[in-house]
Chemist: 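This structure is in structure tokens; I'll ask about it shortly.
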Amino acid sequence: MISITPIPAFNDNYIWLLDNGEQAVVIDPGCAQPVEEYLEQKKLILSTILVTHHHADHTGGVRQLKQKYQCKVHGPANDPVSNLDDSHKDGDLLTLQSIPLTIEVIGVPGHTRGHIAWFIAATAHNENLLFCGDTLFSGGCGRLFEGSAEQMWHSLQKFLALPDNTKIYPAHEYTLSNLRFAATLEPENQKLQQYQQQVALNRQENRPSLPTNLLIEKEINPFLREKSSTVINVIENRLQRSNLTPVEVFEEIRHWKDIF
Ligand code: ZN
Ligand code: FE
């Protein structure tokens, strides 16, 4: 069986670590030290690093970990990331030997130009797993630093096509502040209210709000709800326009959240 552990880093990053009791894979090690400590404590060998995009809070520990463990580093072809052994783009399949896993690469430009996500389909040893970096958060999505709203919308549509039971592992603990925005947009959404209470309780006790899953996000995440009539109404009123396309609704939600 595969265990998945969040290693907290900086203020609100999670470095996700997968292991089978012997070998480990980490995603987006923004720093090396907490990863090294965890590996030593659990007596694990780091065999693979996966990187979603070039930002320093996702790549800062790659060099040191690679030197120490001689592990293989996989990352995006269209983002400037150093120390990669292999670069990947949308549609690539990556097969790991250390922990036998087949990983699908999903190209999700928007937050950065070359951002990719790593999807692992369910097997006897694991559920459907999505490591999405800074593209999707629980209740939110990444800021548009390098891409357009239209690109990000298309990227999120790829996530929406995954199975509902896909577990989602974003790289930041932004959930509570995202949900405050979501509740402003959809004050009557009961699923959202319930989820907000559950997350608040977890955070009070210092437990991560993550992973989340696609079914929950479809019900509570405004950035995946641009086709809901409630959300469309709110955005049409806000813009004093009608017949908006899904991309236009999405773009305004993103803009509103940026200034919220
Ligand atoms: Zn980022
Ligand atoms: Fe980040």
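First listed ligand is number 1; within each ligand, the first listed atom is number 1.
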Chemist: If you compare all heavy atoms of Pro29 against all heavy atoms of Leu50, which two are closest, and at what distance to 0.1 Å?
Modeler: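 Smallest interatomic distance, heavy atoms only, reads CD-O, 4.4 Å.
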Chemist: Might you point out which heavy atoms bring Glu150 and Val247 nearest each other, and give the distance in Å?
Modeler: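 Reported closest heavy-atom pair: CA-CG1, 3.8 Å.
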Chemist: Within a 6.0 Å radius of atom NZ on Lys72, are there more than 12 heavy atoms belonging to other residues, nucleotides or ligands?
Modeler: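 No.
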Chemist: Report the atom name of the nearest N/O/S atom of Asp134 relative to the Fe ion (ligand 2).
Modeler: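 It is OD2, the N, O or S atom of Asp134 closest to the Fe ion (ligand 2).
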Chemist: Kindly give the atom name of the N, O or S atom of Asp134 closest to the Zn ion (ligand 1).
Modeler: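 This residue's closest N, O or S atom turns out to be OD2.
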Chemist: Could you tell me which residues satisfy ring-ring contact (aromatic ring centres under 6.0 Å, His included) with Tyr174, sequence neighbours excluded, listed by chain and number?
Modeler: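 Per chain and number, Tyr174 pairs via ring-ring contact (aromatic ring centres under 6.0 Å, His included) with Phe137, His172.
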Chemist: Please check if the side chain of Glu40 supplies one atom and the backbone of Glu37 the other of a donor-acceptor pair under 3.5 Å.
Modeler: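 Side chain of Glu40 to backbone of Glu37: no pair is present.
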Chemist: Counting C-beta onward and ignoring hydrogens, is there a side-chain heavy-atom pair between Val25 and Asp19 closer than 4.5 Å?
Modeler: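 No, too far: nothing below the 4.5 Å cut-off.
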Chemist: Does the shortest distance from the Fe ion (ligand 2) to an N/O/S atom of His53 fall below 2.8 Å?
Modeler: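 Checking the Fe ion (ligand 2) against His53, no N, O or S atom falls under 2.8 Å.
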Chemist: For N/O/S atoms only: which one belongs to His55 and is nearest the Zn ion (ligand 1)?
Modeler: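 Distance check against the Zn ion (ligand 1) picks out ND1 in His55.
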Chemist: For the Fe ion (ligand 2), decide whether His58 has an N, O or S atom at a distance under 2.8 Å.
Modeler: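 Checking His58: at least one N, O or S atom is under 2.8 Å.
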Chemist: Would one find an N, O or S atom of His111, in either backbone or side chain, under 2.8 Å from the Zn ion (ligand 1)?
Modeler: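 Yes, His111 qualifies, because one of its backbone or side-chain N, O or S atoms lies under 2.8 Å.
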Chemist: Quick check: does Asp57 put an N/O/S atom under 2.8 Å from the Fe ion (ligand 2)?
Modeler: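 Yes - counting backbone and side chain alike, Asp57 has an N, O or S atom under 2.8 Å.
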Chemist: Of all N/O/S atoms in His172, which lies nearest to the Fe ion (ligand 2)?
Modeler: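 This turns out to be NE2.
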